[in-house]
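Because the structure is a prediction, the values reported are computed rather than measured.
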Amino acid sequence: MTPAILVFVLLLFIGAPVAVVMAMSGLAGGFALGGERMLGIIADRMFSGVSGFLLIAVPYFIFTAELMNQGGLTHKLIAFNNALFGRVRGSLSHVNISVSVFFAGLTGAAVTDTVAIGKIMIPEMKKQGYDAEYAAAVTACSSIIGPIIPPSVVMVVYATLLRDISVIDLFAGGIIPGLLMALALLGVSFFLAWKRGYPKQAPTPFKAAMVALLVALPAMVVPLIILGGILSGLTTITEASGFAAVYAIVIGVVFYRNLTWRKIGDALVTTVRFSGVVFFLLATSAVLGWFVTRSGIARDAASMITTFSDVAFVQLMLVCLLLLLIGTVMDVLPALVVIAPVLVPAMMQLGFDPLHFAILMIVVLNISNVTPPVGMTLMTAARIAEVPYDRAIVASLPFYVSFIVVIVLLAAFPVLSTWIPSLL
């Protein structure tokens, strides 16, 4: 175990890619356990890590999201949500959050939401008198709902890493936590809009609101195709993701008429690049996960957690704090593939519900997507808003508080994560 830890720490310290860190540390650990005969096993582990049928859904989900972005869906969703919130003070702030909820059912990736929504909403918010750093903060913080409300690439990866939980249960379990996060953000948004006197817009006429709804409706059907097919049992995850991609092409070309062959090609290129990163991470994480299982690190981690407290809620909050700290220096997917093979078996040994802990881990790691110094979504939004990163961090603090409240609620009440899956 010691050679693996030394290699892991050394490679992280010198800034090696996370996938390389996991592969080399697993290789060192395997060699320490059984010498050269383990090398063949490690190669087999890497292959099995990316050979699951479920993983075919990953590029399809990414492709669907890119098609929706290229097809100009964001404008339609913003117009519809603006019709809902236009007369309320701070309307654009609330629209920013509500659009992220709708977009979460399409993309499943936080940075994608930040770019797609931020490029439209942030300049408009600045034009109407909102602080630039606030516009960046609300965009970034609402975008992390994307990987929590299904479909979610992160959840598919989790189900591949730890095959004791189905991706259907993860999708169903993420619905209430995602909506809770949206409500918490809206509460902060309403309060800050009232306190700071942010502007409101003229009410949208009923006829115009209906037109906005009808225009956005074909795009809003995409989550129903994915979730309806999966949760009803009519389709598998892979089939639903494939149907969604085909449907996205049809409405982009036939209904909205702004999805060209060039844009479809750009979406394919982005899909291949992102999918390559995901699959390489999964292949190398399988090596590290195999070593963790063989070496007994999970058992040692469980013992370490119990030394701090015997109270289940306290143990959960300590693990959440650890996940937040890890998330400050690593992006969500790398952090997940590194820490999940160690923490999840340890928490299951302590008696925690695997689905409850899975949802809690995914939520916390995604919240760390807006925590410095990494905070990719917040950093991206700050660049779009053309404000210093530190100012965007300060503006995000009220939203951080609301996220902490959601984490405490999810940790204290497992039913929030397990109720909908139990109905299925």
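- Between Gln315 and Leu350 the shortest side-chain heavy-atom distance falls below 4.5 Å.
- Considering CD1 of Ile339 and CE of Met361, their distance stands at 6.5 Å, rounded to 0.5 Å.
- Applying the ring-ring contact (aromatic ring centres under 6.0 Å, His included) test to Tyr158 and every residue at least two apart in sequence or in another chain returns nothing.
- Between Glu239 and Thr235 the shortest heavy-atom distance is OE1-CA, 3.4 Å.
- Of the possible donor and acceptor atoms, none in the side chain of His356 sits under 3.5 Å from a partner among the backbone N and O of Phe413.
- Two residues are said to be in side-chain contact when any heavy atoms from C-beta on lie closer than 4.5 Å; Leu268 and Glu66 fail this criterion.
- A side-chain donor-acceptor contact under 3.5 Å links Lys126 to the backbone of Ala385.
- Annotation for Ala137 and Ala392: closest pair CB-O, 4.1 Å, computed over non-hydrogen atoms.
- At least one donor-acceptor pair closer than 3.5 Å links the side chain of Thr64 to the backbone N or O of Ala245.
- The list of side chain to side chain donor-acceptor pair (under 3.5 Å) pairs with a residue in residues 183-192, not counting sequence neighbours, reads Ser93-Ser189, His94-Ser189.
- Ring geometry for Trp194 versus Phe191: interplanar angle of 30 to 60°, hence tilted.
- Put simply, CG on Leu378 and CZ on Phe399 are 11.0 Å apart, with the number rounded to the nearest 0.5 Å.
- Side-chain contact between Glu133 and Val394 is absent, with no heavy-atom pair separated by less than 4.5 Å.
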